[in-house]
2 protein chains.
Amino acid sequence: MKKSEATRLSILQKSFELIYEKGYQTTSIDDILATTQVTKGAFYYHFKTKDEMGLAIINELLKPSFANTFMNPLNASGDPVKIIYDMMYSILMKNEFMKVEHGCPASNFTQEMAPWHSDFTKALNELSEEWKNAIVQCIKNGKKAGSIRADVKPEQVAVFIMSGYWGIRNVGRLNNSKSVYLTWLKQLKDYLHSLQ
Amino acid sequence: MKKSEATRLSILQKSFELIYEKGYQTTSIDDILATTQVTKGAFYYHFKTKDEMGLAIINELLKPSFANTFMNPLNASGDPVKIIYDMMYSILMKNEFMKVEHGCPASNFTQEMAPWHSDFTKALNELSEEWKNAIVQCIKNGKKAGSIRADVKPEQVAVFIMSGYWGIRNVGRLNNSKSVYLTWLKQLKDYLHSLQ
DNA sequence: GTAAAAAAATACCGGTTAGTATCTCTTATG
DNA sequence: CATAAGAGATACTAACCGGTATTTTTTTAC
C-alpha cells in the first residue's frame with residue numbers, strides 16, 4: 001500500500017512536467033510510459049483514462065502548488081501594492097519550475113482544454129476564481145487600512161491584474177525571453193501606485 | 001485558374017473557423033474535408049501538409065484581419081486614451097466573429113502551437129510585435145500632443161495593455177461570459193486616465 | 001508460509017490520424 | 001475539337017492513439 005502510491009505519484013509528477021512542456025494533447029500515454037518507466041498495465045491500474053489522470057494532475061498537483069505560489073503571499077498583512085507586486089515578481093522571476101518558453105501551467109491547461117473538455121475548464125475556473133477573490137480581499141484590506149484609495153473597485157482591479165498576468169505569460173512564450181516580464185512588472189508597479 | 005482559387009480559399013476560411021472553435025490539433029483533416037465538402041485529393045493538391053495550411057491561415061487570413069481590427073484603429077489621430085479604449089471595446093464587445101467562449105484566434109494559436117511549432121510561433125510573434133509597436137506609436141503621439149503625461153513610458157504601457165487583452169480573453173473563456181470583459185474595460189479606462 | 005488481493009507486465013485491438021498513389025474529370029489553349 | 005496541364009476524386013497505408021484482456025509478480029493478512 002506504499003510503493004503503489006509512489007508509482008502513482010511518479011506518474012502524476014512526470015506527466016505534469018511532460019504536459020507542461022509539450023501540451024496535454026500532444027503528450028501521449030506512450031510518451032508518459034516511456035519517461036516514467038512505467039508499463040501500461042500499471043498506468044491503467046491507477047487511472048481509468050487519460051483524462052482522469054489529467055484531472056488528478058490539476059486537483060492533486062496544480063491546485064496545491066497554485067495555493068502555495070499564488071494564494072499564500074496574498075494572505076500576508078501589509079500594503080497591497082507591495083504584496084501584489086512582490087508576489088508577481090516572485091512568480092515571474094524567481095519561480096524555478098515555470099519556464100518562460102512554457103508559460104504558466106494553469107494558463108496552458110486552460111487554453112488547451114477549454115474548447116473540448118468542460119470538466120477541466122470548470123476545475124481551472126475554480127483556481128482562477130480563488131486567485132481573484134484573494135486579490136480582492138487583499139485590496140479590500142488595503143482600503144480599510146488606508147493604503148488604497150477609497151474609490152478603488154477591488155473586483156475590477158483584481159480582474160485587471162489577473163488578466164495582465166495571464167497575458168504576459170503568453171507574450172513571454174512568444175518572445176521566449178524574460179525581459180518582457182520586467183517591462184510588465186515596471187508598469188504593474190506604476191499602476192499599483194496609481195491606486196494609492 | 002479561378003475556381004481552384006475559390007476552393008483553396010474556401011478550405012482556408014472554413015478551416016480557420018473550425019480551428020478557431022475546436023483548436024488546431026483537435027481539428028483533423030477529415031473534419032475539414034467533411035465541412036468544406038472537399039476531397040482529400042483536392043486538399044492535398046492545394047497544401048502539402050496540414051501545417052502548411054495552418055501557416056497559410058495565419059498569413060493569409062489572420063494577419064489581414066488582425067491588421068483591420070487591431071491595427072487600423074490605432075492610426076487615427078486624437079487622444080490615445082479614447083483611441084485605445086474604443087479599440088478594445090470594439091474588439092471585445094462588438095466584433096461579431098470572435099466569441100467569448102472561443103477567445104481570440106491569435107491568442108489561441110499562440111498557446112496551442114508554442115510548445116511544438118516554432119514557425120507558427122514566429123509568425124504569431126510578428127503579429128504581436130506589430131500591435132505593440134502600433135500602440136507605442138499611438139501613445140507617443142499622445143505625449144507630443146500633450147494628452148499623455150511626459151513621464152509615461154510608451155513601451156511599458158503598450159506591453160501592459162496588450163498583456164491585459166490576451167489575459168482577459170483567457171478569463172472570458174473560463175467564465176464563458178462577456179461580463180468580465182466589461183469589468184476589465186472599466187478598469188482599463190481608469191488605468192488609461194491615470195496616464196493623462 | 002500460504003492464500004488472497006493488490007499491483008504491474010505483456011500483448012493486443014479497433015479506430016483515427018496525416019499523408020500518398022493512382023485514377024478521372026475539367027478547363028484553358030492551340 | 002484535340003490535348004495537355006490543372007484540379008479533383010477514390011482508395012489505400014503505415015503509424016499512432018487510447019484503451020482492454022489476460023497473465024504474472026508482488027504485497028498484505030492470517
Side-chain angles (χ1 to χ4, degrees), chain A residues 1-58 60 109 112-121 123, chain B residues 1-58 60 109 112-120:
Chain A
M1 220 50 160
K2 208 62 176 298
K3 202 199 161 204
S4 95
E5 268 304 303
T7 61
R8 190 194 133 94
L9 200 63
S10 150
I11 292 172
L12 285 179
Q13 285 170 337
K14 292 270 187 182
S15 300
F16 187 30
E17 280 182 53
L18 220 55
I19 289 168
Y20 172 54
E21 287 163 18
K22 293 191 29 162
Y24 181 82
Q25 316 192 53
T26 39
T27 300
S28 70
I29 305 273
D30 287 334
D31 285 339
I32 293 167
L33 303 181
T35 58
T36 52
Q37 302 271 49
V38 159
T39 63
K40 212 159 227 188
F43 181 94
Y44 278 100
Y45 174 80
H46 289 288
F47 307 101
K48 267 225 290 286
T49 63
K50 186 189 180 185
D51 284 358
E52 189 180 292
M53 182 210 60
L55 235 67
I57 288 178
I58 293 179
E60 296 172 40
F109 262 109
E112 208 184 340
M113 307 297 183
W116 56 282
H117 205 306
S118 59
D119 280 354
F120 282 70
T121 309
Chain B
M1 224 47 164
K2 208 64 177 295
K3 203 199 159 204
S4 93
E5 268 303 304
T7 60
R8 190 194 131 95
L9 199 64
S10 150
I11 292 172
L12 284 180
Q13 284 170 339
K14 292 270 187 181
S15 301
F16 187 29
E17 279 182 52
L18 220 56
I19 289 168
Y20 172 52
E21 286 163 18
K22 296 190 28 163
Y24 180 82
Q25 315 191 55
T26 39
T27 300
S28 70
I29 305 273
D30 286 334
D31 285 339
I32 293 168
L33 303 182
T35 58
T36 52
Q37 302 270 48
V38 160
T39 62
K40 211 158 229 188
F43 181 93
Y44 278 100
Y45 173 79
H46 289 289
F47 307 102
K48 268 225 291 283
T49 64
K50 186 188 179 185
D51 284 359
E52 188 179 294
M53 183 210 59
L55 236 69
I57 289 178
I58 294 180
E60 296 171 41
F109 263 110
E112 208 183 341
M113 309 295 185
W116 54 283
H117 206 308
S118 60
D119 281 353
F120 282 69

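We name chains A, B, ... by the order of the sequence lines, and we start the count at 1 in each one.
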Tell me whether Lys14(A) at atom NZ has more than 12 heavy atoms from other residues, nucleotides or ligands lying less than 6.0 Å away. no
Which heavy-atom pair separates Asp119(B) from Leu55(B) by the least distance, and what is that distance? CB-CD1, 4.1 Å
Taking N or O atoms only and anything under 3.5 Å, show me the protein contacts with nucleotides 3-5 of chain C, one pair per line.
none

Whole angstroms only, please: what is the OH-C1' distance between Tyr24(A) and dG18(D)? 10 Å
Residues at least two apart in sequence or cross-chain that pass ring-ring contact (aromatic ring centres under 6.0 Å, His included) with His117(A), listed by chain then number, are Phe120(A)
If you check the Tyr45(B) side chain, which of dG19(C), dT10(D), dG6(D) turns out closest? dG6(D)
Nearest-Å distance for atom pair CD/P, residues Glu5(B) and dA7(D): 8 Å
What distance separates Ile11(A) CD1 from Ile32(A) CD1, expressed to the nearest 0.5 Å? 8.5 Å
Using a 4.0 Å cut-off on heavy atoms, which residues in residues 8-21 of chain B reach DNA chain D? List them by number, or say none. none
Partners meeting ring-ring contact (aromatic ring centres under 6.0 Å, His included) with Phe47(B) (sequence neighbours left out): Phe43(B)
Which heavy atom of Ser10(A) sits nearest to which heavy atom of Thr36(A), and what is that distance? O-CG2, 4.1 Å
How close or far is atom C1' of dG8(D) from atom CD of Gln37(B), stated in whole angstroms? 14 Å
Tell me, which pairs form a salt bridge (Lys or Arg N to Asp or Glu O under 4.0 Å) where one or both residues lie in residues 37-58 of chain B, sequence neighbours left out? Asp30(B)-Lys40(B)
Would you indicate whether the side-chain heavy atoms of Phe109(A) and Ile57(A) approach each other to under 4.5 Å? yes
Length of the line joining Leu33(B):CG and dG19(C):P, which is rounded to integer Å: 12 Å
Between C1' on dA9(C) and NE2 on His46(A), what's the gap in Å once rounded to a whole number? 13 Å
Atom-pair distance (NZ on Lys48(B); C1' on dA18(C)), nearest Å: 15 Å
OP1 or OP2 of dG8(D) less than 4.0 angstrom from a side-chain nitrogen or oxygen of Thr7(B), does that happen here? yes
Atom pair distance, as rounded to whole Å: CG in Asp51(A) and C1' in dG19(D): 12 Å
In 5'-to-3' order, the base (B), backbone-only (S) or no-contact (-) status of each nucleotide in nucleotides 12-17 of chain D, using a 4.0 angstrom heavy-atom cut-off, is -----S
Counting N and O atoms only, with roles assigned by atom type, does the side chain of Glu112(B) sit under 3.5 Å from a partner on the main chain of Tyr24(B), one being a donor and the other an acceptor? yes
Derivation and outcome, side-chain contact (heavy atoms from CB on, under 4.5 Å), residues Met53(A) and Ile19(A): CA-CA 11 Å; Met53(A) 182 210 60; Ile19(A) 289 168; 4.1 Å; yes
Can you measure from CG (Asp31(A)) to CG (Leu18(A)) and round to the nearest 0.5 angstrom? 6.0 Å
In whole angstrom, give the distance that lies between atom OH of Tyr44(B) and atom P of dT20(C). 7 Å
Which nucleotide sits closest to the side chain of Ala42(B): dG19(D), dT10(C), dA9(D)? dA9(D)
